[in-house]
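Worksheet for the structure shown next.
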Amino acid sequence: MADSSADLRASSEQKQQGSSIPDEPVTVTTATTITTPTTTQIATASSNADDIAHKSSDDNPAPVSVADKEDVKPETETLSDLKSAIVHVKEANSDDEKSDPQVGDTVMDSVANTLQDTSIVDDARIGTVVVGTADSKPQSPSGSTRTSKDNPLSPSGSGFSRTSSKQPAVSHPLQGNISNSSINVAGLSPAEAASAILLKDTDGARIYGSRGMPGSGESERTAFSPPLRNSGSPRSADLQRGAHVEITEIISDGDSDAVEDHEERQRRLFRAAERRRIQREQVQQSNVSSEDIEVLRSGLSNVREFTDTSELHILNGTFPDGLRGSLYLLGPGRFDIKYNVQRELEQATRMFTYDHIMDALPLLTKISFDPNAKSIVHRSRLIAKQAANRVQMEHGVTTKVPGALYLSDTNQTVLSRFIPKSTHHVSPEGECCSQDIQLFMPLQGSNQTVVCTNHVGALQNIDPIDLHPRTTIDLKNINSAFKGALSCPHMQYDSNTREHFTVLQDVGFRSTTYTVVSISEAQPEGYVVASFTAQASVLHSFAITQDYVIVPVYPYNVPIGGMGYRWSDSLLETLSFNHGQPVFFYVISREYRRVQCVYRAPAFFALHQINAVQETATDSVSIDMVTYSDDTILRRLRVSYLRKPGPSFSLPAGVVRRFQLNGITMEATRYVGSRGNLSLIAPAHSLVLRSEPIELARINPMIAAQPYTYLYGLSHTERLRMQPNQQQSGASMYNCIVKLNINDASVSPQVWSRTHCYPSEPVFVPRSDKEDDGYVLSVFFDSMRITSCLLVLDAKSFKEVMIAQLPAAIPISFGHGKFSI
């Protein structure tokens with residue numbers, strides 16, 4: 001010890017006199033793995049380290065690498081001029097050692113004593129860090145050490161080698177040659193080198209994208225790549241067995257004589273621990289399990305927005321000739337939202353999920369077509385960010401009115417119902433408006449708007465250029481006469497009068513009041529068309545003609561005389577379908593602003609109406625709808641069902657049915673005299689137009705409210721192949737687009753489909769005055785590539801015109817789209 005101290009002082013004096021000693025490269029040493037360390041072996045390792053620290057440079061110089069053999073310095077000189085040195089000791093335990101934790105403590109004490117025996121006392125600051133488990137060499141059944149080639153789960157066997165085979169062995173002035181399992185930190189500063197060792201194993205090293213450090217020549221991996229998982233097998237368990245101790249010694253510069261004080265060391269260790277925690281969370285977030293992949297392939301996962309425009313790349317076909325305008329698509333964008341829960345000693349992360357596809361937070365997408373430049377430009381935006389932030393703060397959803405969700409658990413207590421809900425519209429993005437789009441609706445003094453709606457009377461004003469939400473208002477704030485917490489999300493537009501119609505429901509304890517309202521450019525404040533009293537219902541769409549508004553009221557029971565609705569957040573948990581009651585069609589005169597007459601039909605349910613045609617000659621109205629026997633379709637659109645559909649899961653098949661309301665003028669007189677007597681109400685005659693299953697049906701918008709022939713919608717390929725009288729098979733989401741001729745059932749349907757692809761609602765864009773001359777636009781989700789593409793079909797031939805790649809996946813949805821020229 002005295003000799004070593006004298007050498008250090010001599011080296012310091014020599015440096016002050018102007019002599020220069022070149023700096024040694026910073027290297028890392030790794031101790032040889034011991035299969036079964038005993039007390040004798042530990043003592044021997046300590047003795048050997050002590051001999052290295054005390055031996056004379058003249059008798060036995062320190063081992064060096066081949067590159068340094070020509071210039072070998074005595075160890076005392078090397079130690080005096082080291083800027084930093086890192087000693088990494090790694091001890092892999094066998095099965096016996098794992099059961100005896102004192103072995104690791106003994107090794108740590110031995111190495112610490114060795115460091116104290118060296119001459120590095122005043123010029124050193126020593127920090128000891130104990131890290132978790134490390135890879136150890138598993139034992140073969142015969143007891144011999146198994147190599148990486150024998151074990152495909154080992155780092156080198158799996159392709160993630162800790163170091164490259166081309167990396168030369170490096171030396172350390174205290175420990176001699178280092179094997180290829182060491183980490184190359186040459187060229188890094190002492191602080192970076194120390195961080196490299198501290199972050200080398202388990203979570204930390206993956207920040208660099210591979211098991212080794214940058215520049216080590218190792219096989220690269222993507223940043224924050226998921227770690228290899230333990231499969232539970234004995235071989236995988238052997239790989240996870242063992243504990244190691246890392247002792248990091250950072251030697252201060254030779255010019256500095258001060259030792260780092262205790263507070264600074266504590267702050268440094270705290271910052272290092274905080275960096276490790278952040279990196280560990282990032283690695284955990286990057287892990288992609290088989291369950292995550294299953295969710296991604298279901299098409300029902302969170303997506304990112306692209307607020308900047310980007311040009312789409314055409315994968316197949318050519319730009320559609322003459323197609324000009326913008327396609328607006330509204331659908332789900334965020335299903336799962338993480339939030340933190342403070343526990344006793346740490347924070348725990350929980351997940352809130354919107355469990356119904358119509359409850360999810362929306363994504364608005366705009367795709368613009370320029371025929372001159374033959375370019376397609378894409379932009380998208382999540383338009384309910386404040387609603388997502390509120391979920392994180394409140395650990396769930398607090399609804400402003402009863403029945404604000406279709407079928408999702410709010411994760412709230414009963415006390416949350418007494419909290420004022422006035423904060424929902426503080427931000428333009430505070431409300432979830434995800435169910436339909438209205439173009440150029442007069443709102444707040446401007447008709448250059450895109451308006452997104454929901455079923456609780458909220459209207460979200462969107463800038464049509466950059467999709468930025470301007471504001472969100474309630475219908476009741478436009479006109480005080482607009483009363484009702486529930487509204488029909490599908491508003492109807494009359495292109496002749498430029499009026500937008502919708503229906504409000506005010507659910508009471510004994511009855512429900514329906515109010516039909518209109519908003520137009522001539523009357524932007526709106527007016528009430530008519531009101532009537534009926535039973536509460538789930539109303540998703542209705543129909544209009546030149547003279548009438550037709551509102552279907554489906555049979556539902558409201559428990560406890562409306563009390564259940566008042567205390568429920570999910571609409572479908574409040575209302576139950578009643579198969580024993582009829583459906584009533586309320587025909588409202590737009591001219592006289594009153595209920596003209598009522599028709600009844602056997603119980604059925606419908607989400608979307610297709611078209612309504614008024615025939616003046618026969619004084620009748622025909623309404624085409626996609627109908628079901630009950631509301632099972634709405635209850636099965638749950639995210640948990642669609643992500644993991646069981647063998648018995650299937651979506652009900654809807655069929656196109658026409659309801660004929662005959663003799664409206666004559667029935668109007670009878671309705672006045674009936675005074676609510678159901679036996680005197682005229683029946684609505686129904687006819688099935690096509691037996692093929694279909695949903696989200698659309699027609700050429702140029703012939704709305706007129707007789708039509710062709711219908712476009714979504715269907716299931718497996719059900720289309722079945723015979724008309726054959727029992728329908730199970731099917732999940734719709735996987736094809738179909739074109740039907742409703743006037744001639746003998747004409748076979750035209751079908752577009754691709755394997756593992758799920759299209760969205762088809763949007764018809766006319767090209768001329770002919771009914772089927774135009775393009776059919778849709779966005780389909782590819783579950784194998786986990787991406788989405790824009791599809792353009794020729795409406796007449798139903799052949800592909802173009803497929804363009806979108807920048808990211810768009811979830812499968814029951815959402816809607818509109819095209820603006």
Side-chain angles (χ1 to χ4, degrees), residues 309 312 314 317 319-331 362-381 383 434-441 447-453 462-467 489-495 498 500 541 608 610-611 696-706 708 710-714 737 739 752 759-780 788-796 798 800-804 806 810 813-821:
T309 58
L312 302 185
I314 298 179
F319 185 91
D321 185 27
L323 183 58
R324 179 192 299 273
S326 297
L327 173 66
Y328 294 90
L329 300 172
L330 182 66
L363 173 76
L364 181 60
T365 303
K366 177 184 178 182
I367 303 176
S368 300
F369 301 86
D370 185 354
N372 296 328
K374 295 189 179 301
S375 64
I376 309 171
V377 178
H378 168 272
R379 186 198 297 266
S380 64
R381 187 182 293 272
I383 58 175
S434 60
Q435 297 182 39
D436 195 22
I437 302 176
Q438 290 295 309
L439 298 180
F440 310 116
M441 179 179 179
N447 61 355
Q448 297 300 314
T449 61
V450 173
V451 177
C452 299
T453 65
I462 306 292
D463 188 292
I465 304 300
D466 63 359
L467 307 183
H490 283 269
M491 304 180 72
Q492 293 295 327
Y493 178 66
D494 188 337
S495 60
R498 296 187 177 182
H500 298 262
S541 66
H608 303 107
I610 303 170
N611 194 30
L696 296 172
R698 297 286 293 268
I699 63 172
N700 186 336
M702 301 297 294
I703 59 172
Q706 302 176 30
Y708 69 101
Y710 299 106
L711 178 68
Y712 309 88
L714 303 183
I737 304 176
K739 175 183 178 182
W752 175 92
S760 64
E761 178 190 44
V763 177
F764 187 94
V765 181
R767 188 166 46 185
S768 67
D769 295 336
K770 296 182 180 179
E771 181 180 350
D772 63 343
D773 184 19
Y775 298 108
V776 176
L777 277 58
S778 178
V779 170
F780 66 84
S788 293
C789 296
L790 171 67
L791 170 68
V792 179
L793 298 175
D794 182 271
K796 182 180 292 291
F798 228 57
E800 290 182 3
V801 177
M802 181 197 70
I803 293 180
L806 294 181
I810 294 180
S813 74
F814 228 66
H816 299 277
K818 295 287 176 65
F819 193 87
S820 171
I821 299 177

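The analysis underlying the following values was restricted to heavy atoms, covering all of them including side chains, and did not include hydrogens, waters or symmetry mates.
With sequence neighbours left out, the ring-ring contact (aromatic ring centres under 6.0 Å, His included) criterion links Phe798 to no other residue. Residues passing the side-chain contact (heavy atoms from CB on, under 4.5 Å) test with Val763, sequence neighbours excluded: Leu327, Arg698, Phe819. Qualifying side-chain hydrogen bond (donor to acceptor under 3.5 Å, both in side chains) partners for His378, counting only residues two or more places apart in sequence or in other chains: none. For Ala795, the side-chain contact (heavy atoms from CB on, under 4.5 Å) criterion is met by Tyr712, Phe764, Val776, not counting sequence neighbours. Residues that satisfy the salt bridge (Lys or Arg N to Asp or Glu O under 4.0 Å) test with Asp466, not counting sequence neighbours, are absent from this structure. In this structure Lys796 satisfies the side-chain contact (heavy atoms from CB on, under 4.5 Å) test together with Asp772, Asp794, sequence neighbours excluded. Among residues two or more places apart in sequence or in another chain, the side-chain hydrogen bond (donor to acceptor under 3.5 Å, both in side chains) test is passed with Glu800 by Asn316, Trp752, Arg754. When the side-chain contact (heavy atoms from CB on, under 4.5 Å) test is applied to Ser768, the partners found at least two apart in sequence or on another chain are Lys770, Asp773. Legend: residues meeting side-chain hydrogen bond (donor to acceptor under 3.5 Å, both in side chains) with Tyr708, ordered by chain and number and at least two apart, are Asp624. In terms of the salt bridge (Lys or Arg N to Asp or Glu O under 4.0 Å) criterion, Arg324 has no residue partners (sequence neighbours excluded). Remark: Tyr328 engages no residue in a side-chain hydrogen bond (donor to acceptor under 3.5 Å, both in side chains) (not counting sequence neighbours).
In terms of modelled atom types and a separation under 3.5 Å, the side chain of Glu761 and the main chain of Gly817 share a donor-acceptor contact. At least one donor-acceptor pair under 3.5 Å links the side chain of Lys366 to the backbone N or O of Pro464.
The local environment of CZ in Arg767 is crowded, with over 12 non-hydrogen atoms from other residues, nucleotides or ligands closer than 6.0 Å.
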